[in-house]
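What follows is one structure encoded as structure tokens, with my remarks underneath.
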Amino acid sequence: MLTIHYGEMDGVIYNTSVFFNNVMSPEWLEDELAQRMIKSIDGGVVAGPNAINTRILGMIPPEKLSSGVKTLLLMRFMPEKIYNASNCGDNCAFWILKIAKMHDITINLYHLMDFGNGRFTARVSNTGEIVHSMDELVLVGADCLRGDLQ
């Protein structure tokens, strides 16, 4: 299940890019889901354990992947940690929901990420409420974010 916490929270890895660069394992890139996320978000094709061929940057090492892909890979392979998903664009939301179906993850957000028009299940830890759509999430999330600013 996906758990979302809006605003300040202890124990969050905020700089997911630096954390990824220090913990990433080349075996991660052998994973089919990881390869699909890299292709979807960064337009890259994994060419080897330390090489991704991208349409814009050419051949790059994993350390040059976008912060969104890095955060998704961390969620996939280190789900016990809490990550700042505000490092991700809305194009990562589909993948966050997919990962959350595989194992429980908690993300920290400072904005209302768009999880699309479909149904999903997420728990908002600020209130304990369970939501099943963006309409429900926007109402709860906006209240949480507004309260964090006061």
Please check this pair: side chain of His5 against backbone of Ile82, looking for a donor-acceptor N/O pair closer than 3.5 Å.
no
Taking Asn87's backbone N and O only, do any of them form a donor-acceptor pair with Ser67's side chain (distance below 3.5 Å, no angle check)?
yes
Is a side-chain donor or acceptor of Ser40 paired with a backbone partner of Arg36 at a separation under 3.5 angstrom?
no
Which pairs, with at least one residue in residues 14-35 and sequence neighbours excluded, count as a salt bridge (Lys or Arg N to Asp or Glu O under 4.0 Å)?
Asp31-Arg76
Under 3.5 Å, is there a donor-acceptor pair between the side chain of Asn108 and the main chain of Tyr83?
no
Kindly indicate whether the side chain of Phe20, heavy atoms from C-beta on, has any atom under 4.5 Å from the side chain of Thr71.
no
Just so I know, are the side chains of His111 and Tyr6 near enough to count as touching, which here means a heavy-atom distance under 4.5 Å?
no
side-chain hydrogen bond (donor to acceptor under 3.5 Å, both in side chains) partners of Trp28, counting only residues at least two apart
none
Under the 3.5 angstrom rule, does the side chain of Ser66 hit a backbone N or O of Asp42 as a donor-acceptor pair?
no
Review item, side-chain donor-acceptor pairs of residues 48-63, under 3.5 Å, at least two apart:
residue: Thr54; atom: OG1; partner: Leu57; partner atom: N; Å: 3.0
residue: Thr54; atom: OG1; partner: Gly58; partner atom: N; Å: 3.1
residue: Thr54; atom: OG1; partner: Gly58; partner atom: O; Å: 2.9

So, Lys70 and Thr16: side-chain donor and acceptor under 3.5 Å apart, yes or no?
no
Is there a donor-acceptor pair closer than 3.5 Å between any side-chain N or O of Gln35 and the backbone N or O of Leu29?
yes
Taking it one step at a time, do Leu2 and Thr121 satisfy side chain to side chain contact (heavy atoms under 4.5 Å, CB included)?
CA-CA 7 Å; Leu2 174 62; Thr121 300; over 6 Å; no
Ignoring hydrogens and geometry, is there a side-chain-to-backbone donor-acceptor pair from Asp90 to Asp114 under 3.5 Å?
yes
Do Leu65 and Ile38 make a side-chain contact, defined as non-hydrogen atoms from C-beta onward lying under 4.5 Å apart?
yes
Are Met102 and Ile96 linked, directly or through intermediate hydrophobic residues, by side-chain heavy-atom contacts shorter than 4.5 Å (ILVMFWY only)?
yes
Going hydrophobic residue to hydrophobic residue with side-chain gaps under 4.5 angstrom, can you get from Val138 over to Leu97?
yes
Checking the side chain of Asp104 only, and the main-chain atoms of Met1 only, is there a donor and an acceptor separated by less than 3.5 Å?
yes
